[in-house]
Amino acid sequence: MNFEIINNKGVFEIHGHFTNAYAHYAADFFNNLLDKYYEITICLKRVRCIDKKALNVMQFISAKAKRRSKELFVLGKANKRVMQEFETANLMNIFRNDYNY
């Protein structure tokens with residue numbers, strides 16, 4: 001298992017390596033969800049590593065949610081493996097503290 005998106009009671013958990021090899025799949029998956037649902041919750045707690053392409057996907061998803069007035073909750077600030085990458089890319093603003101998981 002290198003990459004998997006699991007629906008855990010409405011929270012979409014990303015497991016494994018969120019990298020270029022799987023970025024297109026994740027972009028399509030979440031893009032389709034944003035077309036169908038008002039609120040989406042993504043959890044990054046189980047992401048082992050993330051690269052620039054995956055960060056671009058997260059930025060794209062966040063921007064689309066804002067354009068369409070959708071609620072996007074991104075969880076996983078406790079995952080130190082990916083937080084440094086989000087800080088470096090100046091993407092910490094996509095994380096939400098007002099969601100109970």
Side-chain angles (χ1 to χ4, degrees):
M1 172 197 72
N2 283 335
F3 181 82
E4 192 173 15
I5 300 173
I6 298 172
N7 182 350
N8 183 5
K9 299 176 186 173
V11 175
F12 295 92
E13 299 177 352
I14 298 177
H15 293 239
H17 299 272
F18 191 7
T19 58
N20 185 41
Y22 305 103
H24 182 67
Y25 170 76
D28 287 346
F29 183 87
F30 291 114
N31 191 30
N32 287 332
L33 286 179
L34 283 171
D35 288 341
K36 296 176 184 174
Y37 299 104
Y38 171 75
E39 181 180 296
I40 296 176
T41 304
I42 301 171
C43 181
L44 302 175
K45 288 180 182 177
R46 299 193 185 260
V47 173
R48 294 198 177 274
C49 65
I50 193 164
D51 67 6
K52 187 172 181 139
K53 184 70 172 177
L55 291 170
N56 289 340
V57 168
M58 294 303 297
Q59 188 172 27
F60 165 76
I61 293 166
S62 178
K64 181 175 181 176
K66 285 179 186 172
R67 278 193 315 271
R68 296 214 173 161
S69 299
K70 306 276 182 144
E71 289 289 329
L72 177 67
F73 295 94
V74 180
L75 312 174
K77 276 185 162 180
N79 185 345
K80 305 242 185 270
R81 292 178 179 164
V82 298
M83 280 309 96
Q84 184 175 358
E85 298 298 327
F86 277 91
E87 287 174 0
T88 301
N90 198 23
L91 287 175
M92 293 300 291
N93 61 323
I94 70 169
F95 288 94
R96 298 282 293 264
N97 295 324
D98 57 346
Y99 185 85
N100 294 323
Y101 174 60

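Between V57 and A23 the shortest heavy-atom distance is CG2-O, 3.5 Å. Counting all heavy atoms, side chain and backbone alike, F3 lies closest to A26 at CZ-CB, 4.0 Å.
For the pair K70 (side chain) and Y37 (backbone), a donor-acceptor distance under 3.5 Å is present. Distance alone, capped at 3.5 Å, places no donor-acceptor pair between the N8 side chain and the E13 backbone. Side-chain atoms of S62 never come within 3.5 Å of backbone atoms of M58 as a donor-acceptor pair (strictly under, hydrogens ignored).
Applying the side-chain contact (heavy atoms from CB on, under 4.5 Å) test between Y22 and each of N2, D51, I5, I14 identifies N2 as the sole match.
For the pair K64 and D35, the salt-bridge criterion is met [side-chain N within less than 4.0 Å of a carboxylate O].
Here the CZ-CZ distance, from F12 to F30, works out to 7.0 Å after rounding to the nearest 0.5 Å. If you take CZ on R46 and CZ on R81, they are separated by 11.0 Å, rounding to the nearest 0.5 Å. How far CG of N90 is from CG of L55: 11.5 Å, rounded to the nearest 0.5 Å. A distance of 12.5 Å separates CG of N20 from NZ of K52, quoted to the nearest 0.5 Å. We find the NE2-NZ distance between H15 and K45 to be 10.5 Å, quoted to the nearest 0.5 Å.
Counting only heavy atoms from C-beta outward, the side chains of V82 and F18 never approach each other to under 4.5 Å. Here the side chains of I50 and F86 are in contact, with some heavy-atom distance below 4.5 Å. Considering only heavy atoms from C-beta on, M92 comes within 4.5 Å of M83 through its side chain. Between L72 and I94, every side-chain heavy-atom pair lies at or beyond the 4.5 Å cut-off. Residues L44 and F95 form a side-chain contact, since some pair of their non-hydrogen atoms from C-beta on lies under 4.5 Å apart.
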### Message
Set out, in order, the CA-CA distance, both residues' side-chain angles and the distance that settles side chain to side chain contact (heavy atoms under 4.5 Å, CB included) for F60 and N31, then state yes or no.
### Response
CA-CA 9 Å; F60 165 76; N31 191 30; 4.0 Å; yes
